[in-house]
Amino acid sequence: MIFRKPILFSIVLITSALTAQEIKPAKQVNGEMPLFEVENPDFQTSPYTGMTKKHWEDAARYLLAGAFSYIDDLDDPMKFPKLPGKSYPQDISRVPTEKLEGLVRTLFVAAPLLKKEPDLTLNGIKVAEYYQHQIPKLTDPDSPAYIKPRGNGGPSQNLVEYGALAISLFISPETLWDPLSQKDKDALAASMLSYGDGPTVPSNWKFFNIFVLSFFDAQGYEVNKPLLEEYLQKSLDHYRGQGWYNDNPAYDYYSMWAFQVYGPMWASVYGDTHYPDLAKAFKTNFQDLVYHYPYMFSEDGEMIMWGRSISYRIGSISPFPFTGTLQDDTINFGWLRRISSGTLLQFLQNPDFLLDRIPTLGFYGHFEPAVQVYSARGSVFWMGKAFLGLLVPDDNPFWTATENLGPWDTTFEKDKVYNKFQAASNILITDYPNIGASEIRAWCHEKKADDWQGFRSSENYNKLSYNSAFPWQADGEQGEISMNYVFKNAKNEWEPWRLYTFKSYENGVYRRDAVLETNEQVTMQLADIPLPNGILRVDKQTSKVPVEMRLGHYALPKIEGKEVKHYIQKSGSTAALVLDNGEYQLAMLPLQGWENAEFVSASGLNPISEESTTINVSATFSPQAETNIYATLMLWKKSGEDFTEAELMPVTKLSAKNGKIEVLMSDSELYTINFD
């Protein structure tokens, strides 16, 4: 093997390069793109979406065309209009990284296309030629795209983007690496290795070092093998089971679009040859997700809005195509492709998804409460990892199997609910056949005071549950709350639960304890019971001090100009508050403990619409109160059919017995809640 010593760079940023950077509006592009259309759909192979591998290629080209509408010549950067709010850049120093993100993240979309179509041209620009021209600029001190070598600095966003670039270099070396001059190759190796051979963040970030070190080792450069091996083993140590890696400390989509994509991909491009035992471990962990993760998607293949970096959206499906590489005849590839294509269409056919021809920072349209400070406008192309699946051959069963609904058609029955508990991660996935929705309950235990980036303690994680039919709504300053509790704290502010401790999952009851961050004397024991048409909450107040509290249902956005209707429907001696937005209905019934119930309108808090409505119940708890049990029915159904009295009151009896709470349902099912 030939080893090349990386050449040295000055780490001093040349003044001319600095002054060339400025925060200014990106190039403006006239007109918006039409919604993505599935042209000539194949309803024989894909009876639900009409999408085949060709249509996935069309979708990738569609997104990439939006990016290339900003490129009129080879020198134009991948820099897009900044949206208002907390996203970066906020100062000149971050502009080079902003451009780097746009460059290497669009490559996730471009690289698989270039494997099949090396002469791909968009907006009059040859795509391969553009990246071949731009990549060497990263190491040119006189270029506005120049990225300083790390020097003695710590891990940074540049490490992330260089790791992404290394993945694309592995994917399409013939179009991205081989055409470079030896001088440019050596310069790129020096710059990228200055980051890869260095410190990292104890999370999925280790893979960025891993890919940089692995790629340049494969190219004959001298790399830090002990560090590579250390990061590989530490990455495997994040695995917990049932397909879930822990991203230190969270469980979220990073388990899937990071660990469960990077690990198997690293194994295929490098690990199988150089570290076969470690490669086998990553692939074994990957196989585990097949029997759990797909249940997190709705019957129509829609994903749940949950966790940070939600603007990466379709990245959630990125592991699914690679299941086709597994030698497992039990995998339902037709279901996995139906999920994957359904998620693509969930966003590509939503009219709010694109703005200025580029995906927004949000879920559909721009939604500031879901944005993190580490995101720039081009960050959204991290979703391009979904199109890495195009590397899977045309004749692979992932592409050739007939689309189907999996358990939604073969196993799930109407008027029943299906829970899938993940014992290793304490995650509960629930599927509701009556409305075709999926739901998740997962980790959250982060103090806002310690959350310097402001997302692990936020609504991205702290809701009681997250549902595919009802994207999470932000909390309001006046106590407007959706799918969580809030309490009036010492600052006279409404403070939500953030600090949950999982207790148990037994016989359909998911148990957690919660404590208020700013007052450890405010505590509750929580019990969620998923029902065929909603959730029964039976929660025990254990606070040692009086406290005002509110609990919110999911929220309904105003859609298509229709008003959200609300009314009160009697159910025996109990009154249900009901909402209807023309797509779904929500109903909330306070069964015990609550003093008031009300409809709560909100503005600017919902990711779907500027206007929305939810239902809240409220009470003032005292430790001397006669009851400390707060029971609540939080129900739903599709619009167009009224709730029946039986649907509104599925609970026959709720009683305390031998220190336990027993709930008898109208179908004679008995739930026992043991608050310890």
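None of these values were measured; they are calculated from a predicted model. Residues: numbered from 1 along the sequence shown.
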- Distance-only donor-acceptor check, side chains Tyr500 and Asn462, under 3.5 Å: no
- Task: Name the orientation class of the two ring planes belonging to Tyr461 and Phe455 (parallel below 30°, tilted from 30 to 60°, perpendicular beyond 60°).
- Result: tilted
- Task: Scan for salt bridge (charged side-chain N to carboxylate O under 4.0 Å, His left out) pairs involving residues 438-447, sequence neighbours excluded, and state none if there are none.
- Result: Glu439-Arg441, Arg441-Asp528
- Message: Just checking Phe282 against Tyr239, ring centres under 6.0 Å apart?
- Response: no
- Residues Glu611 and Ser609: side-chain donor-acceptor under 3.5 angstrom: no
- What about Trp408 and Tyr432, are their ring centers closer than 6.0 Å? no
- Query: Are a donor atom and an acceptor atom from the side chains of Gln473 and Ser612 found within less than 3.5 Å of each other?
  - Reply: yes
- Note on the structure: For Thr518, the side-chain hydrogen bond (donor to acceptor under 3.5 Å, both in side chains) test, sequence neighbours excluded, returns Glu495
- Query: Salt bridge or not for Glu563 and Lys558, using N-O below 4.0 Å?
  - Reply: yes
- side-chain contact (heavy atoms from CB on, under 4.5 Å) with Val538: which of Ile673, Val509, Thr632? Ile673
- Item | Donor-acceptor pair between Asp513 and Thr501 side chains, under 3.5 angstrom | no
- Task: Assess the side chains of Ser309 and Trp382: does a donor N or O sit below 3.5 Å from an acceptor N or O?
- Result: no
- Distance-only side-chain donor-acceptor flag, Asn404 / Asn332, under 3.5 Å: yes
- Query: Is the number of heavy atoms from other residues, nucleotides or ligands under 6.0 Å of Asp328 CG greater than 12?
  - Reply: yes
Check: residues 652-672 side-chain donor-acceptor pairs under 3.5 Å, at least two apart:
{"residue": "Thr652", "atom": "OG1", "partner": "Ser666", "partner atom": "N", "Å": "3.4"}
{"residue": "Ser666", "atom": "OG", "partner": "Pro650", "partner atom": "O", "Å": "3.4"}
{"residue": "Asp667", "atom": "OD1", "partner": "Glu669", "partner atom": "N", "Å": "3.0"}

- Determine the minimum heavy-atom distance between Asn484 and Trp497, stating which atoms define it. ND2-O, 3.4 Å
- Residues in ring pair (Phe, Tyr, Trp, His ring centres under 6.0 Å) with Tyr364, at least two apart? Phe347
- Item | Candidate list Tyr251, Tyr245, Tyr293, test ring pair (Phe, Tyr, Trp, His ring centres under 6.0 Å), partner Phe259, passing option | Tyr245
- Looking at Pro546 and Pro623, what are the two nearest heavy atoms and their distance? N-CD, 3.8 Å
- Message: Would you say the ring centers of Tyr312 and Tyr253 fall short of 6.0 Å from each other?
- Response: no
- Show your reasoning for whether salt bridge (Lys or Arg N to Asp or Glu O under 4.0 Å) applies to Glu583 and Lys638. CA-CA 6 Å; Glu583 182 178 13; Lys638 291 185 177 180; over 6 Å; no
- Do the side-chain N and O atoms of Asn419 and Tyr505 include a donor-acceptor pair separated by under 3.5 angstrom? yes
- Answer yes when Lys463 and Glu459 have at least one side-chain N-carboxylate O distance shorter than 4.0 Å, and no when they do not. no
- Item | Minimum-distance pair of heavy atoms, taken over all atoms of Arg313 and Phe363 | NE-O, 2.7 Å
- Message: Under a 3.5 Å cutoff, is there a donor and acceptor pairing between the side chains of Asn350 and Gln346?
- Response: no
- Message: If the condition is ring pair (Phe, Tyr, Trp, His ring centres under 6.0 Å), which residues does Tyr418 pass it with, not counting sequence neighbours?
- Response: Phe412
- Tell me, which pairs form a salt bridge (charged side-chain N to carboxylate O under 4.0 Å, His left out) where one or both residues lie in residues 245-261, sequence neighbours left out? Asp247-Arg308
- How would you list all residue pairs meeting salt bridge (charged side-chain N to carboxylate O under 4.0 Å, His left out) that involve residues 584-609, not counting sequence neighbours? Arg550-Glu598
- Got more than 12 heavy atoms from elsewhere within 6.0 Å of CD, Glu230? yes
- Query: Does one side chain, of Tyr231 or Thr200, offer a donor that lies under 3.5 Å from an acceptor on the other?
  - Reply: no
- Between His553 and Trp636, how do the two ring planes meet: parallel, tilted or perpendicular, split at 30° and 60°? tilted
- Item | Side chains of Trp494 and Glu477, donor plus acceptor under 3.5 Å | no
- When you check the side-chain N and O atoms of Glu610 and Ser603, is any donor under 3.5 Å from an acceptor? yes
- Query: Under the side-chain contact (heavy atoms from CB on, under 4.5 Å) test, which residues partner Lys637, sequence neighbours left out?
  - Reply: Gln585, Glu641, Phe643, Glu647
- Query: Sequence neighbours excluded, which residues qualify as side-chain contact (heavy atoms from CB on, under 4.5 Å) partners of Thr542?
  - Reply: Thr523, Gln525, Lys540
- Would you check if there is a donor-acceptor pair between the side chains of Tyr554 and Ser465 at a distance under 3.5 Å? yes
- Message: Just by distance, no angles: are the side chains of Tyr510 and Ser504 close enough, under 3.5 Å, to form a donor-acceptor pair?
- Response: no
- Any residue meeting salt bridge (charged side-chain N to carboxylate O under 4.0 Å, His left out) with Lys86, in chain and number order, not counting sequence neighbours: Glu368
- Task: Quick one: closest heavy-atom pair of Pro471 and Pro607, and the distance?
- Result: CB-CG, 3.8 Å
- The side-chain contact (heavy atoms from CB on, under 4.5 Å) partners of Ala370 (sequence neighbours excluded) come to Met305, Ile310, Phe367, Asn460, Trp472
- Item | Pairwise salt bridge (charged side-chain N to carboxylate O under 4.0 Å, His left out) hits with a residue in residues 414-431, at least two apart | Glu413-Lys416
